[in-house]
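One structure below.
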There are 2 protein chains.
Amino acid sequence: MLKLSKLTDYAAVVMAQIARHPEHPHAAPELADAVMLPHPTVSKTLKMLVRAGLLTSLRGSQGGYRLARPASQITASDIIAAIEGPVAMTECSHADGDCELVGNCGVADNWQRVSLAVRTLLDGVTLAHLAQSAPIKLPVQLPIQSVTLAASAEG
Amino acid sequence: MLKLSKLTDYAAVVMAQIARHPEHPHAAPELADAVMLPHPTVSKTLKMLVRAGLLTSLRGSQGGYRLARPASQITASDIIAAIEGPVAMTECSHADGDCELVGNCGVADNWQRVSLAVRTLLDGVTLAHLAQSAPIKLPVQLPIQSVTLAASAEG
DNA sequence: CGCATACAGGACTAAAATGGTCCCCAATGA
DNA sequence: TCATTGGGGACCATTTTAGTCCTGTATGCG
């Protein structure tokens, strides 16, 4: 499936909700009601987003959560990384290769490239895009493909 | 993490192994030894790949597994789908939207577009690419980003 | 025919990740 | 001082994942 976890999905929804009204802080229960998700779970998600530096929090009455920076500077990668850790498609996609199969698998290097391409793609999608009601249009799909294929076809 | 499951990873490794010697059939134990993974697990993976139509099998002595079509016509998406089901980043990324939050989440449409872009990217990576010892080069990363951003910045 | 080889299918178990809840503490502001 | 609101983490139930094993079936060969 290559699926995001539910919490990541929640995080995106909640972030989008905040992004639509960035001025004042949003309390956790308010957000939970707005997106129709269980309060404790939303709260948990918010805490993770704060720790990742995507949100800032204000305690006390009239407190709540706000975006740490403009929505256009928060990417899908950021949100995913906040909940699930850095985007990496395989164990050996991140630096500390604790995969003892290197040498036998002969696929690691290429998976890492694919992983990088996916990450780059997700870096290009910002919270501003996700939050806008009009769907983002991906007018051309093939260029992505051709970029990926370009050099490999020669190799 | 947006990570592939281990089985998917195994599948890719095993497929690559077969792709490097496409002529004769490969028995499950032989493959397991070659890639240094437990026999039963490799066997299970192979069965899934057969059911997905990516491999064909021959029973009896001298039997084993072969690619169902040329490595250049088997994509990363195919392999992932064979083990994990169709690539989709969120529940609502596939057609039968059993997500009752539509309307509140306001993110679904855009996630679907992102999902599609990732899938397209993975469609562009073939087993031939993965199997080759020389790493595939992704010379330009930014174009992927700019394609994604292009229309959305206008929207 | 009989037997060894090799895949097919699925049941089953153990371990890990996930999703979700709850509790107590700390900070803020009226 | 007290109500409000987030911070941190423990905790549990469920699901998913990984891995094993067993029984059946097809093929090829002597």
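Sequence lines set the chain letters: A, B, ... in the order given, protein chains first and strands last, and positions in each chain run from 1.
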Given [options], identify the nucleotide with an atom nearest to the side chain of [X].
X	options	value
B:Val50	C:dA8, D:dT4, D:dG6	C:dA8
B:Lys47	C:dA8, C:dT5, D:dG7	C:dA8
A:Ser57	D:dG9, D:dG6, D:dG19	D:dG6
B:Ser5	D:dT4, C:dT18, D:dA18	D:dA18

Under 4.0 Å between a side-chain N/O of [X] and OP1 or OP2 of [N], yes or no?
X	N	value
B:Arg51	C:dC7	no
A:Tyr10	C:dG20	yes
A:Thr41	C:dT21	yes

Query raised in the report: Got a salt bridge between B:Arg69 and B:Asp78, using NZ or NE/NH1/NH2 to carboxylate O under 4.0 Å?
Result: yes
Query raised in the report: Is the base of D:dT25 touched by the side chain of B:Arg59 through a donor-acceptor pair closer than 3.5 angstrom?
Result: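 Indeed, a donor on one side and an acceptor on the other fall under 3.5 Å apart.
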Requested in this report: Please evaluate the base of C:dG19 for a donor-acceptor partner in the side chain of A:Lys6 within a cut-off of under 3.5 Å?
Outcome: no
Query raised in the report: Is the number of heavy atoms from other residues, nucleotides or ligands under 6.0 Å of B:Gln62 CD greater than 12?
Result: no
Report task. Taking all non-hydrogen atoms of both residues into account, name the closest pair between A:His21 and A:His26 and its distance. Result ->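 Smallest interatomic distance, heavy atoms only, reads O-NE2, 2.7 Å.
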